Amino acid sequence: MAEDAPNAGAEDIHPAPTESFADAAAPPASAEKSSSETLLPSLSIWPPSQRTRDAVVRRVVQTLSAPSVLSQRYGAIPEPEAEVAAAAVEAEAFAAASESAAASPASLEDGIEVLQAYSKEVSRRLLELAKSRAAAAAAAPETPAEPSGEESEGSSVTAPPPTEE
């Protein structure tokens with residue numbers, strides 16, 4: 001039993017950290033400051049990640065194909081067609097925003113401005129798509145009626161003129 005007592009006391013005693021352990025656990029204040037300064041420039045808002053771009057495409061598809069203010073006003077687009085259109089809208093908006101941005105924005109504020117331009121470009125192109133599709137859908141029923149009207153005019157030319165009696 002006497003042998004057990006020293007072991008029991010040893011469990012409560014922790015060895016003092018060595019100098020190398022202390023250095024690894026708590027960096028000096030100057031090293032901490034420089035590491036946080038190093039992290040800030042790596043924070044980049046532009047260009048958005050592929051995950052973010054994919055989320056934009058999913059949201060555009062949802063806006064075009066599901067009930068929304070846009071789809072109620074201009075008509076819903078079937079989902080497979082909406083997916084193709086949404087990918088094109090996002091890609092065009094990304095390209096336009098990238099052209100307006102420098103190779104890499106100089107500051108976080110510049111990145112935010114480019115991201116806002118990208119967002120506006122997606123919205124503008126989405127609205128243009130919905131309007132042009134609605135205009136095409138409105139013009140589509142008139143297009144088949146015109147040839148049939150031309151056919152009736154053409155047939156009246158070949159038919160004898162009506163007589164007045």
Side-chain angles (χ1 to χ4, degrees), residues 25-27 29-165:
S30 63
E32 184 176 315
K33 184 177 179 182
S34 66
S35 69
S36 66
E37 289 173 357
T38 304
L39 291 178
L40 289 178
S42 68
L43 176 64
S44 173
I45 196 132
W46 185 261
S49 66
Q50 188 60 45
R51 182 177 170 191
T52 301
R53 292 182 65 191
D54 292 343
V56 169
V57 171
R58 283 191 305 273
R59 182 65 181 147
V60 170
V61 168
Q62 185 180 20
T63 300
L64 290 171
S65 62
S68 67
V69 173
L70 197 68
S71 67
Q72 288 174 355
R73 181 165 184 169
Y74 297 107
I77 298 176
E79 194 165 329
E81 186 179 335
E83 288 173 356
V84 172
V89 162
E90 191 282 331
E92 291 169 3
F94 181 80
S98 293
E99 286 177 13
S100 70
S104 62
S107 68
L108 187 60
E109 290 80 22
D110 292 341
I112 290 171
E113 287 178 17
V114 175
L115 191 62
Q116 287 173 337
Y118 167 71
S119 178
K120 287 178 184 178
E121 194 67 24
V122 168
S123 297
R124 184 182 68 78
R125 290 174 186 269
L126 178 61
L127 184 58
E128 285 176 0
L129 172 72
K131 284 181 177 180
S132 67
R133 192 171 188 295
E142 295 172 10
T143 305
E146 291 175 1
S148 64
E150 291 174 4
E151 290 172 7
S152 65
E153 289 175 8
S155 63
S156 66
V157 172
T158 58
T163 57
E164 292 182 28
E165 290 184 46

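All values derive from a computational prediction rather than experimental measurement.
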Novice: To the nearest 0.5 angstrom, please state how far the CD atom of Q116 sits from the CD1 atom of I45.
Specialist: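 So the gap between those two atoms works out to 9.0 Å.
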Novice: Under the side chain to side chain donor-acceptor pair (under 3.5 Å) test against D54, which residue among Q50, R58, R51 passes?
Specialist: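 Per the side chain to side chain donor-acceptor pair (under 3.5 Å) rule, the option paired with D54 is Q50, out of Q50, R58, R51.
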Novice: Is E128 salt-bridged to K131, cutoff N-O under 4.0 Å?
Specialist: no
Novice: Crowded around R73 CZ? As in, over 12 foreign heavy atoms under 6.0 Å?
Specialist: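 For R73, atom CZ is not crowded (no more than 12 foreign heavy atoms under 6.0 Å).
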Novice: What is the distance from atom CD of Q62 to atom OG of S71, rounded to the nearest 0.5 Å?
Specialist: 10.0 Å
Novice: Closest heavy-atom contact between V89 and L126?
Specialist: CG1-N, 4.1 Å
Novice: Hey, is the main chain of S119 close enough, under 3.5 Å, to the side chain of S123 for a donor-acceptor pair?
Specialist: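 Present.
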Novice: For the residue pair A86 and V61, what are the closest heavy atoms and their distance?
Specialist: CB-CG2, 3.5 Å
Novice: Locate the shortest heavy-atom distance separating R133 from A76; write the atom from each residue and the value.
Specialist: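 Smallest interatomic distance, heavy atoms only, reads NH1-O, 4.1 Å.
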Novice: If only atom types and distance count, is the side chain of T63 paired as donor or acceptor with the main-chain N or O of R59 below 3.5 Å?
Specialist: yes
Novice: Nearest 0.5 angstrom please: Y74 OH to L127 CG, how far?
Specialist: 5.0 Å
Novice: Can you tell me how far apart CG (L64) and CG (L129) are? Round to the nearest 0.5 Å.
Specialist: 5.5 Å
Novice: Write down the atom of V57, the atom of E90, and the distance for their closest heavy-atom approach.
Specialist: CG2-CB, 3.6 Å
Novice: Under 4.5 Å between any side-chain heavy atoms of F94 and P47, yes or no?
Specialist: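 Yes, their side chains come closer than 4.5 Å.
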Novice: Can you measure from CD (E83) to OG (S65) and round to the nearest 0.5 angstrom?
Specialist: 8.0 Å
